[in-house]
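What follows is one structure encoded as structure tokens, with my remarks underneath.
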Amino acid sequence: MTIPDSGCVMENGASCLPCTPEEEKKIVTDLRNESERNLKEGNLYFVISSSWFRKWERYVGIDGDENLIGNQSSDSRHINGTSSVVAQRPGPIDNSDIIENGSDSDGKGNDIQLRRMLMEGQDYVLVPQGVWEKLRGWYKGGPELPRKMILQGVYHKKFDVEVYPLCLKLIDSRDESQSTIWLSRKASLTELFQKVCALKGIEQDKARIWDYFNKRKYAQLSVSNKTLEESNLQMDQDILLELVDGHQSSKIGMDSTGNDLALVSLEPSRSPLTIAGGPTLSNGHSGYRSNLYPGSSLGSGLTDMDDGFDACNSARKGEKGGLAGLQNLGNTCFMNSALQCLVHTPPLVEYFLKDYRAEINTDNPLGMHGELALAFGDLLRKLWSSGRTAIAPRVFKGKLARFAPQFSGYNQHDSQELLAFLLDGLHEDLNRVKQKPYIEMKDSDGRPDEEVAAECWKNHKARNDSVIVDVCQGQYKSTLVCPVCSKISITFDPFMYLSLPLPSTITRIMTVTVFYGDGSRLPMPFTVSVLKNGFCKDLLLALGTACGLKSDESLMLAEVYENKIYRYLEMPLEPLASIKDDEHIVAFRFQKKEIGKTRLVIFHRWQEKAELFGTPLVTYLVADQSSGADIEAAVSKVLSPFKKISSAKAHVGKENGILLDGLDEECSCSDARSVENAELEGTSCTDLSIPLRLTDDRVMNFNAFKKDTLFESGKIIGKLLRVVLDWTDKEQELYDSSYLKDIPEVYKAGLAAKKTRQEAISLSSCLDAFLIEEPLGPDDMWYCPRCKEHRQAIKKLDLWMLPEIIVFHLKRFTYGRYLKNKIDTFVNFPIHDLDLSKYVMSKDGQTYLYELYAISNHYGGLGGGHYTAYAKSTNPTSRHQLLISCSIRELDLNPKWRQERHHIVIQSLKDPDECNLQYYCLIELPPIKDRQPASPATTTVILR
């Protein structure tokens, strides 16, 4: 591909005038597209301040919907309607607002530190190297902030620009001085040694570098191709430099007498713990072994010391386990919160503290070769064996980054997304089915639900059989109905959690202005609530109820844009998603008998300025053959409610202290005209003072017509006539045109943005909202086997079978076109005896009572926050424990605690024979940034 040059070149080699804004836009767009087609590891990208980049976008004519770093709008009307104001050319590139104070703006990009917690799109943008070179050539400035693209993941690879390289704090054992080293997470240990030795001016064979996490020697690092990420090195952690020469060793490695302290053994710990079975601990739980499969990668790196666990710090005699906290490794509170809820799930605790070696599936292509299950089991055993010693889950995070690269790095994420990945990953790693059989799914074909449900569950278990399926998976019934041919499809699908919407998030508030085609009343806006994924027929039904539509009347929806009818929404199955919040929607009210007659559209134009204004009016010509006089009469009738009532007329109409201000609502059209005739002499319903002309669909050509001109319905193209009214100051005095101008938008986001804290709702109402019948979204169409086309089917979910552990995920974040919002509505639910029996469709006679056993809380809003977790101890006399990073404290289940914002609720099925085991877990969402949502923010509830 050939990229245009950035400007012409004169004979002396100097550049002449710079590119035009249009040329700059095209060059940058082409370079960006070329870069996306050639993604590869090592490509350079550059960080640019969003504040400067937005100025450049405005200069080259890119609006908020059509930007080079976000999604492009599908609405061409808004793109074409750009402002006529020409933005000024921006000055030099200025990145000073995104770099740390004190950073050398003239230094190299690798030495300049970005401010922490910046968000892409909001604070900065990433541009390919070619784009940066063009922008730098045109505008100069800087400083330049290059960042490399890296490839992450093992089985699911993805490209990512490493905006924040790994920051390591180097401690020199000779003088205890500290230095900061920045390296890519993908850099090798060899590169680390080279950089440290070059910085300190020492020979590589004399350097000894330690993983010095939390000021403890965890492991000695050796020169190899092993990456820093694989070595479990974390952001901002310490590394220790020592020299091989003993007399130069630091006091850090010596005791108070100057003698060398014993180094931490690099061999696996000799403690009686094992990974998946082995010698039994004194509390009856089996232990943890360092390497389950010698010579394999399954046990590599899983030593007791890696996570800060020490056998000597195990639970004290008589003390229950599960009291250890998890250290925050840098924005990992979302991970810690989800982990604490899982490691306090009684069936999982019982399972992972026993010998589960036989169930590890190393050959499952959908799993992680058992590594995730081993890492989780390792962490769970440490948490249940370390007393109250805090654990740093570095090994687990490293495994997580390998198999789920979306969780790598140090950005905040959604705890529900992590929980879903963990449950699914643990299931695949522990799947007892080694060879999954091929099973052809059958349609229900009118068979009894019980038969179809049992068949589907049997087929599911034939391919999926693990402890996660045993305790965490249920089954729901899904019914789809084609809106065209009424084909019904019934399936029974497994679920691991239920994503429950808050009732306010599945509906949509829409404001539509109703105009009366018979001129009986002034236009009136109505605000109604409809399903987000609904159709125009749903909006018409809600509008009809709101405005008191009679049985012999109907409504016709239309969109008004630039004072014209942009489109008619006449298809009942038109998705409401096609209507944007900032659009202006009107509904014209007619008698049903008028439909099919000649439609008359009336435009409004200022005669002096020759420009359109206001909302077009629509009525019908009932006669098969209409004259010019009939058209004038129809227009006059529609305009009659807009006639002004003068003070003299108001005085005449004043009786018993009541003014006729509400004449349009209280009196009939004939009454209104009689009052108006008393004031406006010589004016009748059929006398139109405003000049009237015929026009075309573009409202560009205008033709006069006479009163005796005849218009035959059969000869009118499309049975549609268009006329334009030329308004002058005289007509402005007679008619109130403000009703034509100020029609509201469908939804004004700014007015409701602050009204997110609503009245308390119950968990049952959220479940009802989840199970409500609703149309599929336009992006989630269903292929109808009878129509042979994709249809926006009507979907209905029902719960058929509930698991022992049920997870409710409460969706608390909403995303609009221009606004993202967190819903702070209090969701009320019982601590004990949550009865879900009435929601279960299968008639198995079982009672489904659930108890709360743990909670994950999120504090803060869309712009940031922090996760904590609550969990019920297995000790019946113990209170719930608040797990905050590495600290734990007891608490009562008081009303204040229950009002904290939660996102994930985990409950367990209550055993009538073991009523003392009352577990209930609630997990809340991670902080989601308002400018770059990592994923749909939610709340998850788990019951047992």
Side-chain angles (χ1 to χ4, degrees), residues 58 61-67 72-87 510-517 522-525 536 539 555-571 574 576-588 599-619 635 638-639 642 690-703 717-718 720-728 731-732 735-750 816-818:
R58 288 193 292 269
I62 300 174
D63 63 12
D65 290 327
E66 182 199 12
N67 58 77
Q72 293 196 2
S73 172
S74 59
D75 192 348
S76 60
R77 298 177 292 109
H78 296 281
I79 295 177
N80 296 331
T82 54
S83 173
S84 60
V85 180
V86 179
M510 301 185 72
T511 299
V512 179
T513 304
V514 176
F515 285 79
Y516 294 81
L522 286 168
M524 178 72 67
C536 284
L539 177 58
L555 293 171
M556 179 177 63
L557 295 172
E559 179 189 351
V560 177
Y561 180 70
E562 292 186 342
N563 311 117
K564 301 176 186 177
I565 301 292
Y566 179 75
R567 58 171 174 160
Y568 292 99
L569 300 167
E570 297 182 283
M571 297 296 293
E574 175 80 16
L576 291 180
S578 66
I579 302 177
K580 309 299 186 219
D581 286 344
D582 59 349
E583 293 175 351
H584 297 85
I585 302 296
V586 297
F588 298 103
R599 183 183 300 170
L600 180 64
V601 182
I602 307 160
F603 299 96
H604 310 277
R605 184 177 68 161
W606 292 118
Q607 190 176 51
E608 182 179 353
K609 300 179 181 179
E611 64 181 26
L612 297 178
F613 77 92
T615 304
L617 302 175
V618 178
T619 188
V635 173
V638 174
L639 284 178
F642 299 93
I690 305 178
L692 197 62
R693 299 174 183 272
L694 287 174
T695 187
D696 55 11
D697 57 343
R698 299 173 60 189
V699 198
M700 298 292 291
N701 301 310
F702 309 97
N703 298 307
I717 300 177
L720 179 63
L721 278 177
R722 303 175 184 86
V723 296
V724 63
L725 299 177
D726 284 328
W727 290 64
T728 64
E731 284 74 34
Q732 185 71 10
Y735 294 91
D736 188 351
S737 62
S738 63
Y739 291 98
L740 299 171
K741 301 176 184 177
D742 304 324
I743 62 173
E745 297 177 355
V746 169
Y747 179 73
K748 194 70 174 178
R817 190 176 185 183
Y818 303 112

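- Panel note: side chain Thr615, backbone Leu740; a donor-acceptor pair is recorded below 3.5 Å.
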Checklist entry - Passes side chain to side chain contact (heavy atoms under 4.5 Å, CB included), Ser737 versus Gln732? Steps please. => result CA-CA 7 Å; Ser737 62; Gln732 185 71 10; 3.2 Å; yes
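- Within a 6.0 Å sphere centred on CZ of Phe702, heavy atoms belonging to other residues, nucleotides or ligands number more than 12.
- Scanning both residues, Leu617 and Phe515, for their nearest heavy atoms gives CD2-CD2, 3.5 Å.
- We find the CG-CG distance between Asn703 and Asp696 to be 8.5 Å, quoted to the nearest 0.5 Å.
- Between Ser578 and Glu583 the shortest heavy-atom distance is O-OE1, 4.0 Å.
- The side-chain heavy atoms of Ile743 and Pro525, taken from C-beta on, include no pair separated by under 4.5 Å.
- With hydrogens and angles disregarded, a donor-acceptor distance shorter than 3.5 Å links the side chain of Thr619 to the backbone of Gly517.
- Leu576 places a side-chain heavy atom less than 4.5 Å from the side chain of Met510.
- For Arg605, the salt bridge (Lys or Arg N to Asp or Glu O under 4.0 Å) partners at least two apart in sequence or on another chain are Asp726.
- Partners of Phe613 according to the ring pair (Phe, Tyr, Trp, His ring centres under 6.0 Å) rule, which considers only residues two or more places apart in sequence or in another chain, are His604, Trp606, Trp727.
- A 4.5 Å side-chain heavy-atom check between Ile579 and Leu569 finds at least one atom pair inside the cut-off.
- Here CD of Glu745 is found 11.0 Å from CD1 of Ile585. Values are rounded to the nearest 0.5 Å.
- Using modelled atom types, no side-chain atom of Thr695 and backbone atom of Val723 make a donor-acceptor pair closer than 3.5 Å.
- A heavy-atom distance below 4.5 Å is not found between the side chains of Leu639 and Ile602.
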Item to check | Working for side chain to side chain contact (heavy atoms under 4.5 Å, CB included), residues Tyr568 and Val618 | outcome: CA-CA 11 Å; Tyr568 292 99; Val618 178; 4.2 Å; yes
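- Here CD1 of Ile565 is found 10.5 Å from CZ of Arg722. Values are rounded to the nearest 0.5 Å.
- Between the side chain of Asn563 and the backbone N or O of Gly614, at least one donor-acceptor pair lies under 3.5 Å.
- At most 12 heavy atoms of other shown residues, nucleotides or ligands fall within 6.0 angstrom of atom CD in Glu608.
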Item to check | Verdict with supporting geometry, Val746 and Thr511, side chain to side chain contact (heavy atoms under 4.5 Å, CB included) | outcome: CA-CA 5 Å; Val746 169; Thr511 299; 5.9 Å; no
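- The minimum heavy-atom distance between Leu600 and Val635, with the atom names listed, is CD2-CG2, 4.0 Å.
- Note that CG of Asp736 and NZ of Lys741 are 9.0 Å apart. Values are rounded to the nearest 0.5 Å.
- Applying the salt bridge (Lys or Arg N to Asp or Glu O under 4.0 Å) test between Glu559 and each of Arg567, Lys564, Lys580 identifies Arg567 as the sole match.
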Next on the checklist: With side chain to side chain contact (heavy atoms under 4.5 Å, CB included) as the criterion, how do Leu692 and Leu725 come out once you've worked through the C-alpha distance, each side chain's angles and the decisive distance to 0.1 Å?
Outcome noted: CA-CA 5 Å; Leu692 197 62; Leu725 299 177; 2.7 Å; yes
